[in-house]
J.: 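Would you mind keeping the following structure in view while I ask a few things?
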Amino acid sequence: MSGKRLGAILVGALLLASCRGGDGAAPQEGAGGIKVDAGVTKEACPNAVDKSKGCIYLGTISDLTEGPFKTLAVPITDSQKAFWKRVNDKGGIGGYEIDVTKYVKDNKYNPQIHNQVYQEIKGNILALTQTLGSPTTVAILPDLEKTPMVSVPASWTSLWGHEEVVLESGANYCVESMNTVDYAAEKMGVKSVMAVHLAGDYGDDAAAGAKIAAEKRGLTFENVTTQSGQDNQGGAIDAVVSKKPDLVILTTGPTDAAVIIGQAAARGFKGKFIGTSPTWNPGLLKSPAAPAIKALYMQSAPWKAWNTESVGHTAMRAALPGVTPNDGYTAGWVWAYPLKAALEKAASNKDLTRAGVLAAVRQLTSVDYEGMLPSGAGNFSASPQDALFRQSTLYKPDDAAPTGVTLVEDFFTGSTAKDFKFEKPCYQ
Amino acid sequence: MDEFLQSLIRGLGTGSIYSLLALGFVIIYKSTQVISFAQPAFMLAGAVLVSYLSPAVSFVGAVLVAAVVIAVLALGVERTVLRPMVGKPVFVVAIITIGVDVVVRVVTNAFIGLDVRQVGDPWGLNTVNFLGAEVQQRYLVMIATTAVVTVALFAFFRYSRIGLAMRAVAYDQEVALAQGISVGSVFALSWALAGGLAALAGVFVATGAGVDQQLWIVALKALPAIILGGLESLGGAVVGGLAVGVVESLFGTYQGDFAPWLGSNFGLVAPYALMLLVLLVRPYGLFGKKEVERL
Amino acid sequence: MSADVRAPTEAPSTSVLEVTDVRLAFDGVVAVDGVSFSVEEGELFAIIGPNGAGKTSIFNVLSGVYRPQQGTVRFRDQNLIGMRPHRIAAQGMARTFQNIELFSHLTVVDNLMLGRHNHMRYGALSAFFWLGKARNEELKNRAAVEDVIDFLELEQWRRFPVGLLPYGVQKRVELGRALAMEPKLLLLDEPVAGMNVEETEDMARFILDVREELNIPMIMVEHDMGLVMDLADRVMVMDFGRPIRTGTPAEVQQDPDVIRAYLGEQHKSVTP
Amino acid sequence: MKRPTTIKGRPELYTSYKQDMGFLNTRPKRAWSGGLVVVALVLPFMITDDLLQLLATGFVAAIGAIGLNIVTGYAGQVSLGHAFFLAIGAYTGAALSGPETGRVIGFGITSLPIWLLASGLVAALFGVLVAPVAVRLRGLYLAIVTLGLVFLGEHVFREWTSLTGGPGVGRPAAVPELFGVRLDQDNGMFTAAQQLYLLMFVLLVIFGVLARNLVRSRVGRAFAAVRDRDLAASVIGVDLTKYKVLAFAVSSFYAGVAGALLFVVNGFFDPGSFNLLLSVQYIAMVLIGGAGTISGAIMGALFITLLPRITRELPTVLPFISGDATGVITVFQLEAVLYGVLIIVFLIVEPRGLFGIWVRVRNYWRTWPFSY
């Protein structure tokens, strides 16, 4: 091929560049004089309640088939679908309805897949109503910031407190563990603490919080990393049984937790276990470990369980008739509130562009969680230190409760978390 | 000493699970020269099936039914998916088994649902005093069951017609064919046996806490086991599986005190380290045979 | 037929190969015992004997595949015992195999080029960039391979993967691969086994050409008595791993021990 | 061997070794390759960034697959340890080019040629270290021992958090800077995706050509000899140990290069990425593409990289599948099942892989004016 011909083709190609479909749309005037860009259409949503309204598309990237969090991810996704349907039934936002069904993708809990599916849908959505997992979300974080794309995490790591585009809700694992240790020290007289956790932001964050609280109170502290898998808990069990701490802070999966609690108890361990919410699954109450779990285990949680009486909880149960109760639903529902508030704020600012939504987020001094979180929660305008939500709750196993747990301690902040200077993610 | 004995028995217990899995791998390998990566899926499917059946037909009944059903499923997979591949390169076939694993596992996952499922075994976490140490009953059951299964398998291969046929095929396919042995049936039967063994192993794994969709990962522990024992040796598979379990358990108990620099949870990869060491000395595993090359 | 048979008692200094008292056993089963012989420059030395007599085992000792428990092998004044096969090949020993051992996925040209492996002097780095050295060496050796192709009349098969070729042609390619090594000694393991009459005649012609035009000494293991008696300068007869007689074809044919061992009692003489 | 070199009237045989042994020795090959290069160069101006990123990842995977193909397809040593070498490359590249003041180890050497070469070399070094164990083993023993490397590697990467950031946390990938230009950032003329696509394409062409040269050389022939019949190979003078070690070294070098580039498009990776599944994916690339061919490895890598995207698009044309996340079979489960089914069906129908299909297509057109 002659150089001339090649050159001609390259020039042609460069000219074609202008034909290439853009990833972002230029801002334009939408319904009701609201400025919009990507992810917002004049056409109605596919399943619109009111066909005359436009549509705001929100994306969901979750762990829907093979990954380790499928049993939480599926209810979270379904719950948010119900949440936004309720918003639409009540008239939508600023003349628009919200669709969360068209751009749902499975990340298999793999950062690379997460990024790929995000790239696929990012041109068509205004924001992400769910991005599950933190290594996965970190993989798209630079892009989220650059776009800017406001997103709702499905995880409680303390990293999110420092990310402007991420709309976290409730106490993070770090704070939750501080509160747990404070509670155990004060109410149960615990003198020694061991954190048994999976490696990574989830477990490391909780272990970091537990360590901070234990050191502040002068308790002995042990750190034990384990790996997921029922046959992989031998080392953790050995550590628990031989060191005999008064309290074990668990951050693992449910079956891992059941194995550790059950076997440690079988080998004579008498101390207490308190696990973060992902350690719990109602199915554990039917497992061989159930007696040990009932005797030794408590669950810490960032908010209250499925059957709580609050406006939000009641609305959620009404919106999800016939489902097996699961606190994945509760989590999905709670997480959606700040995005709703931001969209409403942006609509009232007449700017539903991506930049407009981010600007609206910065104006949120509090979010109305309809009683699912205490008033004052959801401050996105202040510095991370000031905005950090520091209250959590404690539950214990209960066969009678729909999700297998009943409340022991309502929202509280321990002294450690209250004074804690939140300058960087705890696990770093 | 109690600690050691307990650790040892736990290791033998989980090791017997690995042995069951390893037996399945080796049975398929001996007859078809293929490593079946579909074993993890069959294992998960077995455990899930038992969790559905045991309330209706009792635990033991459920295990028997599930082992048979999974065996039939494996046989069906062999007949439909693997049969066209007879004589094709073994690694291509191995990749096909990965495809099978994905399909079976995803469908099985759909039946796990949101809650951890229980297999309903009678032992729970009850312990019994064994030579002065408190050990869990279920570990003793696992060890005993594996022993019975192993003896039964050996008897099957030694005395039954079809078992002899399987050995003949493993020894030399062409000669077996010339002797009028249906090599196809042997392939199918080996898959069925391996499927049943995997189902049994899956149930045992689930006795502690229940069935979730990550259960399948346990099956990978059988890989160092079969290499340790030697790919062609059934006895080697059993010994290899037990060795992996014991090494894992003892490392879990003592490594933190004696060799913390190896990092936390080194016990979980210790079988691989052991495997490498063994192969440095014996490139064909502990019980494998060195082939004599002919020109 | 060549008549210039060398006397078996020539001075040892001209020997290409000297095998002395070799013994090889596998797990106590003796394959070869008490084997001694030498091969002279330009000689065609044949080894015959019934199946299982240990002929191929001798080849495997010579090319380093098996290591004998006892005895010495000197090849052009080098001790071969303990040397690995590729080192022995580099010393100039080439061989063909009883059951064809070609690289069946590769073409004829590539199989022959593999014969030139040790004649090409360039490494992986120059191979990557295919500049200068690698390219020149490849071209030069390709020319040498074409000579072999001409010599063995393999032109029409050049590009075929050898696995697809007829049996007789494969045997010829294997001879070609050995010749491409420019050997100092060529071992032929049953070069005409399984061939039809025409193929056998072709092969015999090529073996003669090798001797007369290229002057390469050869050791041949063969069952075809006619071929052996026609071509060989000297013959060693083996039975049960032991040599029972070494001499010219005429001498061997008359030996009563040979006749008994090889053909049974009834036969009075060996006829081609 | 001294015989007259011009017997009989076959002039082209003696004047054409150079052309015969040339890189693209036939006209159709040149035409095809030229056409493909032009299409590849035009694509970034035709398709959207998400597809470009996917293709860029596919090109990198192709470099890795070529590497695995050298040890497995050419030299016949089946390795399930490729993920380990990819990891070595990824961490070498990321550590060399990472900022010196970051949370994880970094040396601030952002120039791509330097860290890329270093990644390849460090991985190759590990390949050479591993090879002495590997050369003694055959077939599945080798496969599972190399798999052991992956598990031991995972353990080390999990524990060495100052390098890897730790599981579930991870670290940024290597910084692709060429002559002072950051290729992972948009600039006035091109988007990051376009730049990375072109970078990966150029690198694939370079590493593809180098590999092609290697496999047609005496080294490549020695690999094939070791694969087809190792004892015969040694008897004709091929040093088995040397070439097995060399095959591992070259393969690991390619894996190191690919590993360093693999997460550049993503910008981020964590130790969990380098597991059995990754190794298996590369084996699948080699087998689906067609073992023992460079173009097959490239086709296989693109196929496996694009397959998930294809399976995500397929269900949208099947109206009876709902988009719900719950239900007996959801669209997502269908995607996952399709992935498995497509691999099964493909390998049953065409066990020789994509290259086999290509050969058939080519043979079909043999009588076409382009004589092959």
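Quantities reported herein were computed from a predicted structural model and do not represent experimental measurements.
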J.: Please look at B:Leu231 and chain D and tell me whether the side chain, the backbone, both or neither of the residue comes under 4.5 angstrom of a heavy atom of that chain.
T.: both
J.: Need one label for B:Leu220: side chain, backbone, both or neither, based on atoms under 4.5 Å from any heavy atom in chain D.
T.: side chain
J.: Relative to chain D, which segment of B:Asn265 carries a heavy atom at a distance below 4.5 Å: side chain, backbone, both, or neither?
T.: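 The backbone, not the side chain.
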J.: Are any of the side-chain heavy atoms of D:Ile343 and B:Ile98 separated by less than 4.5 Å?
T.: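 Contact flag for D:Ile343/B:Ile98 side chains = no.
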J.: Pick whichever of B:Val90, B:Val93, B:Leu262, B:Ile96 has the most heavy-atom pairs under 4.5 Å with chain D.
T.: B:Ile96
J.: What part of D:Val341 lies closer than 4.5 angstrom to a heavy atom of chain B: side chain, backbone, both or neither?
T.: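 Both parts, backbone and side chain.
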J.: Is it the case that more than 12 heavy atoms not belonging to B:Phe25 sit under 6.0 Å from its CZ atom?
T.: yes
J.: For B:Tyr52, is the OH atom crowded, meaning more than 12 foreign heavy atoms sit under 6.0 Å from it?
T.: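 Count over threshold, so yes.
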J.: Is any side-chain heavy atom of B:Ile35 closer than 4.5 Å to a side-chain heavy atom of D:Ile144?
T.: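 Yes - at least one pair of side-chain heavy atoms lies under 4.5 Å apart.
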J.: With side chain to side chain contact (heavy atoms under 4.5 Å, CB included) as the test, would you mind laying out the steps for B:Leu276 and D:Leu152 before giving the verdict?
T.: CA-CA 10 Å; B:Leu276 284 174; D:Leu152 290 170; 3.4 Å; yes
J.: To the nearest 0.5 Å, how far apart are CZ in B:Arg282 and CZ in D:Arg136?
T.: 10.5 Å
J.: To the nearest 0.5 Å, tell me how far B:Met85 CE sits from D:Ile344 CD1.
T.: 11.0 Å
J.: Fit a plane to each ring of B:Phe266 and D:His155, take the angle between them on a 0 to 90° scale, and name the class: parallel (under 30°), tilted (30 to 60°) or perpendicular (over 60°).
T.: perpendicular
J.: With a 4.5 Å limit on heavy-atom distance, are the side chains of D:Val337 and B:Val102 in contact?
T.: no
J.: Identify which part of D:Leu137 has an atom lying under 4.5 Å from any heavy atom of chain B, answering side chain, backbone, both or neither.
T.: side chain
J.: Heavy-atom cut-off 4.5 Å, strictly under: side chain, backbone, both or neither for D:Leu347 against chain B?
T.: both
J.: Looking only at heavy atoms and a cut-off of under 4.5 Å, which of B:Val103, B:Ile226, B:Ile227 has the most pairs with chain D?
T.: B:Ile227
J.: Contact part of D:Ile288 toward chain B, heavy-atom cut-off under 4.5 Å: side chain, backbone, both or neither?
T.: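 Neither part; nothing is under 4.5 Å.
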J.: Between chain B and each of D:Ala291, D:Ala284, D:Gly148, D:Gly353, count heavy-atom pairs under 4.5 Å; write down the option with the most.
T.: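 Heavy-atom pair counts peak at D:Gly148.
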J.: State, with a plain yes or no, whether a side-chain heavy atom of B:Phe91 is found less than 4.5 Å away from one of D:Ile283.
T.: no
J.: Between B:Val269 and chain D, with a heavy-atom cut-off of 4.5 Å, which part of the residue counts as in contact: side chain, backbone, both or neither?
T.: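 For B:Val269, the contact with chain D is made by backbone and side chain together.
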J.: Could you look at D:Ala143 and say if it's the side chain, the backbone, both or neither that has a heavy atom under 4.5 Å from chain B?
T.: side chain
J.: Distance check, rounded to the nearest 0.5 Å: B:Lys221 atom NZ versus D:Phe151 atom CZ?
T.: 8.5 Å
